[in-house]
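Before any comments, here is the structure.
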Amino acid sequence: MSGRSWFVVLWRCAFLWGLAMPGAWAGPTLAECHGMKNLVFVAHQDDDLLFMNPDIEQTITSGGCVETVYLTAAERGEGEKYMHGRARGVRAAYAVMANSGDNWTESVTEFGGKHQGRSVLESNPRVTLIYMRIRDPWLGKGWGSLTPLSRTESIVGTHARILGPYKDSYTRAELVTTLAAIIAEYQPTLIRHMDDSISVPYTSLCWRCIGHDHPDHIASARLVRDAMKRSPGDYGEVAYVDYPTQERGSNLAAAEIAAKTAAFKRYARDDYQYCPEPAKCNEPLGTAAAWVRRTYYVVRHSESPALTTSALGGYLLFTTGEENSAANVYSGRSQNWESLGGRTADSVAAFNWADGRVGVLTLDATGRLWMKAQDKSTGWRKWRIVTSTRGAHIPRVLYLKDGSPAFLMLGNDGALRYCFPTEQGSSTRAACTSLPALTNMRPGAVAVLSADNHVKVFVNDWAGRIWVTVQEQSGVSAWHDWKQLRPARTADGGLAAVRNARGLVELFWRDARSGNMVRMVQASGPRLRHAWDVPQDLGFTYVGRPAVGLNERGHVVVAALERSGGSLRLFEEHSLTTVGANVKCAPALLVANGQLLLVSRSGEHAQTYWLWKRSEGAWQQPVLLSPPSQSGGTSYPPPTLDVPNVPVVPTASHLSASAATVQP
């Protein structure tokens, strides 16, 4: 037997011995997960396979870690036999996705003072399943009635019992506590959950009604979002459209459909509701056949668009389509939308190359950064991966002295990177350097080029402190240590920075106590370049991230959303202006051809945007832009990341003190 074979045998023995000891398997490290720790929450066995693939499988095959939590027993009132059959099915499906043998180590865990089952794939411990086993019968005559989970989520004072050997039950508060504990233990880089956005009352939901879903899908997602508030972090979030995907067009590539079908079909052989005769199983059929051809994301109304000028003339507006889950661009010149493709659940970042052409940045659902560049002759080039670093949030763009772009990207490893994108023929690359480490950094870093051509970067941490670092020399990758800006304190960021006409940096943030916007200006004078004037409370509250720039007269203008469904506030030249009403997202701001442009998502059901223009000091009548196309969403090119097949070796940090190895 080779040395490597002996190593693998010893590793597996160590892993199984670790599970046999008192303690729970806490999961591989971030390094062993190749920077991807996905925590997946679904209501039933098969929800992940039908609605969240191919994203889960792509994470696994890229060397990432996946822990999937099933909130219900999914037994439909038919008892433990059917519950165990469905659990066998998803284990077999995950083994197919991992290209692995179907051998699992079973244990019982304890989160929130309740018992759950846990399965770890023996040949690939990066794959873990947790079963909460909340009983799952209809409490009435089926559709239009409640389930134990949806009742517990929506009715105060109720509880849901679990199925199996333990006598646990959950109140709503206990469910949130348990889910928050799972999040805290796993320390994910990304949380995937179901659709919480459907507003139809549980008891009014119906099967195959347009836009309707299962009550347990909605309840599970609402509980998870509450748990995320209890266990905050810099992880990303992806919510999935469930049943209503059947109402949209097929948007997966042939290879993705084939892989998704194979995993679901293997599951269905153990679910007699799908396959009464496993040897003759022809699934997926009916609605399942539609679901395996589609994957769509919940795109929030609060996602801000992006604005930039075009070398071909006019402005370009970019947004993620709420119907097609793709990057879309609206041309102010042609007044038409175009879908750029690429399945993304995040917002879109846009920028200009030094020659005026436009570039677009998006994140896929595994955290990879993609770029599409404008071509003056052919329109748009193909999507290309920019950097191997994976992140949870779309980068922030800034411009250097020569007009070339750079961007800040917070990686899944918690490191903030400063990157220069470059084009080499038909390819796009980015050279990235890491900024100094900062504990508990929050997403939302901003950067600005100072008058001496040094990049300043501002971040805030989870304690509300604001920090700054500066390049040691212009254009180099070395940075000074982080320094805290006193007395600045923020509740949840809302940072923005800009260099004013005098060459001084102005920083804006949300005050920790009042929620008001605060401005602090860099002190003037060469000896005071690291000093700041006294912070100024601007007297108005806002949500999200403000947009900031120089207006058509060269003065600083900052625009922010007062609240969801409220108006926009513009602060400039010591005055405050209110614009619009019933808008849903922080605005995009641009000055082009002597005009100030503002764009924000309207409060309409359709994804429409209000456009405001100001020219020579006067506002024109606002224009309501039509929504992007419902079609045009396509997958990115196939993954090319080559991850070595390195086994996960259990370490002491993988074992915590709470469970014995017994059949769950």
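What you see below is based on every heavy atom in this structure, not just the backbone, and it leaves out hydrogens, waters and symmetry mates.
- Residue-environment remark: CZ (Arg333) stays at or below the threshold of 12 foreign heavy atoms within 6.0 Å.
- Side-chain atoms of Asn38 and Arg192 include a donor-acceptor pair closer than 3.5 Å.
- For Gln630, the CD atom is loosely surrounded, since the number of other residues' heavy atoms within 6.0 Å does not exceed 12.
- For the atom pair Asn412 CG and Leu190 CG, the distance stands at 8.0 Å (nearest 0.5 Å).
- Trp337 and Tyr609 have tilted rings, their planes meeting at an angle from 30° to 60° on a 0 to 90° scale.
- A donor and an acceptor atom, one from each side chain of Ser629 and Ser339, are nowhere located under 3.5 Å apart.
- Other residues, nucleotides and ligands place no more than 12 heavy atoms under 6.0 Å from the CZ atom of Arg293.
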Start with the C-alpha distance between Glu237 and His193, add both sets of side-chain angles, then the distance that settles side chain to side chain donor-acceptor pair (under 3.5 Å), and finish with yes or no. CA-CA 8 Å; Glu237 174 190 8; His193 61 75; 2.7 Å; yes
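- Defined by atom type and a distance below 3.5 Å, a donor-acceptor pair is missing between the side-chain atoms of Ser310 and Tyr315.
- Defined by atom type and a distance below 3.5 Å, a donor-acceptor pair is missing between the side-chain atoms of His480 and Gln471.
- Under the 4.5 Å side-chain criterion, counting only non-hydrogen atoms from C-beta, Arg614 is in contact with Glu552.
- Remark: Arg248 is positioned above the aromatic ring of Tyr296, its terminal NZ or CZ atom under 6.0 angstrom from the ring centre and at most 45 degrees off the axis.
- With values rounded to the nearest 0.5 angstrom, Lys456 atom NZ is found 10.5 Å from Leu507 atom CG.
- Considering only heavy atoms from C-beta on, Met441 comes within 4.5 Å of Leu416 through its side chain.
- When each of Leu598, Leu590, Leu611 is tested with Leu307 by the rule side-chain contact (heavy atoms from CB on, under 4.5 Å), just one qualifies, namely Leu590.
- Judged by the 6.0 Å and 45° rule, Arg510 forms a cation-pi pair with Tyr542.
- Judged purely by atom type and a 3.5 angstrom limit, Gln607 uses its side chain to pair as donor or acceptor with the backbone of Glu322.
- There is a side-chain donor-acceptor pair under 3.5 Å between Gln536 and Arg519.
- Exactly one of Arg368, Arg390, His34 qualifies for a side-chain contact (heavy atoms from CB on, under 4.5 Å) with Ser62. That residue is Arg390.
- A side-chain donor from one of Thr295 and Lys260 sits under 3.5 Å from a side-chain acceptor of the other.
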Run the side chain to side chain donor-acceptor pair (under 3.5 Å) check on Thr344 and Asp346 step by step: do they pass? CA-CA 6 Å; Thr344 181; Asp346 213 317; over 6 Å; no
Could you please spell out the steps behind the side chain to side chain donor-acceptor pair (under 3.5 Å) verdict for Glu256 and Ser635? CA-CA 9 Å; Glu256 293 173 321; Ser635 297; 2.6 Å; yes
Set out, in order, the CA-CA distance, both residues' side-chain angles and the distance that settles salt bridge (Lys or Arg N to Asp or Glu O under 4.0 Å) for Arg442 and Asp461, then state yes or no. CA-CA 5 Å; Arg442 291 187 63 151; Asp461 61 23; over 6 Å; no
From CA spacing to verdict: side chain to side chain donor-acceptor pair (under 3.5 Å), Thr608, Ser602: CA-CA 6 Å; Thr608 56; Ser602 78; 2.5 Å; yes
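- Side-chain atoms of Phe508 and Leu495, non-hydrogen and from C-beta on, never get closer than 4.5 Å to each other.
- Defined by atom type and a distance below 3.5 Å, a donor-acceptor pair is missing between the side-chain atoms of Gln595 and Glu616.
- Of the inter-residue distances, the one linking Asn53 atom CG with Asp55 atom CG reads 7.5 Å to the nearest 0.5 angstrom.
- A distance-only check finds no donor-acceptor pair linking the side chain of Tyr297 to the backbone of Asn324 [under 3.5 Å].
- Counted by atom type alone, Trp509 and Asn460 present zero donor-acceptor pairs between their side chains at under 3.5 Å.
- No donor-acceptor contact under 3.5 angstrom links the side chains of Ser331 and Glu338, judged on distance only.
- Between the side chains of Asp452 and Ser450, at least one donor N or O sits under 3.5 Å from an acceptor N or O.
- For Asp533, the CG atom sits in a packed shell: over 12 heavy atoms of surrounding residues, nucleotides or ligands are nearer than 6.0 Å.
- Side chains of Asn352 and Thr308: a donor on one and an acceptor on the other come within 3.5 Å.
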